[in-house]
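First listed ligand is number 1; within each ligand, the first listed atom is number 1. These numbers were taken from a predicted model, which means no experiment stands behind them.
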Amino acid sequence: RQSLKQLRQSEHFLQALIDAIPDGIRVIGADFRILKANAAYCAQVGQEMEQVVGSLCYASSHGRDTPCPHTLINCPVVELCEKGGQQLTTQDKHKTADGQEFHIELSSARVDLQIDGKTMCCAVESIRNLDEQAKISQQQRLSEIGLLAAGVAHEIYNPLSSIDLGLNALQSGLETTEEAKTLEYFETIRHEIRNCIQITDSLLLLSAPPGTDKSLIALDKLVPEALSLLRFEADQSGVRISHDIPEDCRIIGSDSDIRMLVVNLALNAIHAMPDGGHLQVTARRENGDILLSVADQGVGIAPKDMNNIFMPFWSRRADTSTGRGLGLSIVKAIVKRHNALISVDSTLGKGSTFTIRFADADREAQDEHP
Ligand SMILES: Nc1ncnc2c1ncn2[C@@H]1O[C@H](COP(=O)(O)OP(=O)(O)O)[C@@H](O)[C@H]1O
Ligand SMILES: [Mg+2]
């Protein structure tokens, strides 16, 4: 009896231990049955522990009746137990009990466990919910644009230098006052100060917390302002930026969100053109929608990567810079918040176009007066 008690105690100890781990953990037998799981896994998939233990792994996390097709995903049970691998790290999607998909990163290892006197090969999986981890905090949104600061400082440096020159000239000119010249200096100084204010304004608007209050946004005004922050980045890689946005392209949205969206897509376009090229932002009205497109002449996206690019933390930039892989996750979240749709059209070696379809703010007015 003593040893039974000890056994129970160590069982409790083990469960408490794995329940304390913040990532989802499950142990799966070669027959795809889940032998053990922790509280974090149950929370991830929204199932009770009693439902999880003893169920089939592909039913529990993929909502399937049959094992996942091996050609589509790297299944740890197959890779470790059937093919004899030792470890596997991969990214995949899991489903909650109510059918919501989330991105995960899975690290798994093979263990040989003694079960009912027989040695059984099992896969131990550690499952991190990437969407949860990327629950894009304001800090992460800002880290995406943090690098802009250098370029923006440069943008402000130039006007400030002009102001300085203007003031010097005024000072030395004070003795021999020629009114016309003085007025000209004042004009330059005013102009450059307005430039500085506009640049800092754009940066502040961009870094405002994600807005819940929506307003009427004129894209022909917002887009150039947002793009003006990228001039330095673009110059560095020989990218020419242009925009063509008719006056009547208006949407209802959160100002800081839409700025963030434009900046993230444009930054990606710049990173995709390490040897220079043309970055073009356009908008047009179409059947009650506004289509906003960001097109580049960069390296393009391979068809097999199309699913990956929107994964949090997935980053493969064409220039040598290191990304955090959050830009498109942020874009996707913004698109969702605005009930908009995003599509990508890309040809390897030619370039990519990201298009977002928003509802036209003037649609109702248009319907009333066709
Ligand atoms: N315009 C583009 N052209 C080519 N590849 C792109 C483009 N936009 C995004 N990608 C690919 O998608 C990846 C993820 O983008 P993103 O989420 O913004 O992360 P990051 O920019 O930090 O790498 C990029 O690393 C790149 O491989
Ligand atoms: Mg990016």
Hydrogens and angles aside, do [X] and [Y] bring a side-chain donor and acceptor to less than 3.5 Å of each other?
X	Y	result
S242	H278	yes
T355	S343	no
Q47	S60	yes
Q87	S108	no

Only heavy atoms of [X], strictly under 4.0 Å: list the atoms of ligand 1 that pass.
X	result
D296	1 (N), 2 (C), 3 (N)
R317	20 (P), 21 (O), 22 (O), 23 (O), 25 (O)
G300	4 (C)
A272	2 (C), 3 (N), 4 (C)

In terms of hydrophobic clusters joined by side-chain contacts under 4.5 Å, are L216 and L291 together?
no
Are I356 and V344 connected into the same hydrophobic cluster when the rule is that any two of I, L, V, M, F, W, Y join if their side-chain heavy atoms are below 4.5 Å apart?
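The answer is yes; both residues are in one hydrophobic cluster.
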Taking only Lys NZ, Arg NE, NH1 and NH2, and the carboxylate oxygens of Asp or Glu, determine whether [X] and [Y] approach each other closer than 4.0 Å.
X	Y	answer
R259	D255	yes
E11	K36	yes
R110	E79	no

Determine, considering heavy atoms only, which of [options] sits nearest to [atom].
atom	options	value
atom 6 (C) of ligand 1	I330, I301, L265, N308	I301
atom 23 (O) of ligand 1	S352, A318, S315	S315
atom 10 (N) of ligand 1	V299, L279, I309	I309

Closest non-hydrogen protein atom to [atom], residue and atom name please, with distance?
atom	result
atom 16 (P) of ligand 1	L328 N, 3.6 Å
atom 14 (C) of ligand 1	W314 O, 3.3 Å
atom 8 (N) of ligand 1	N268 CB, 3.4 Å

If you measure from each heavy atom of G325 to ligand 1, is any distance below 4.0 Å?
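For ligand 1, residue contact (heavy atoms, under 4.0 Å) with G325 is present.
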Looking at ligand 1, does R324 have a heavy atom less than 4.0 Å from it?
yes
What protein N/O/S atoms are found closer than 2.8 Å to the Mg ion (ligand 2)?
N268 OD1
Using modelled atom types and a 3.5 Å cut-off, is there a donor and acceptor pairing between side-chain atoms of D220 and backbone atoms of P246?
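Not confirmed, D220 side chain does not pair with P246 backbone.
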Under 3.5 Å between some N or O of ligand 1 and some N or O of R316?
yes
Region of F354 engaging ligand 1 - heavy atom pairs below 4.0 Å:
side chain
How close do L88 and C75 get, counting heavy atoms only, and between which atoms?
CD2-C, 4.2 Å
One pair to check against side-chain contact (heavy atoms from CB on, under 4.5 Å): L219 and I258. What are the steps and the verdict?
CA-CA 9 Å; L219 291 177; I258 304 300; 4.2 Å; yes
What pairs with K332 under salt bridge (charged side-chain N to carboxylate O under 4.0 Å, His left out), at least two apart in sequence or on another chain?
none
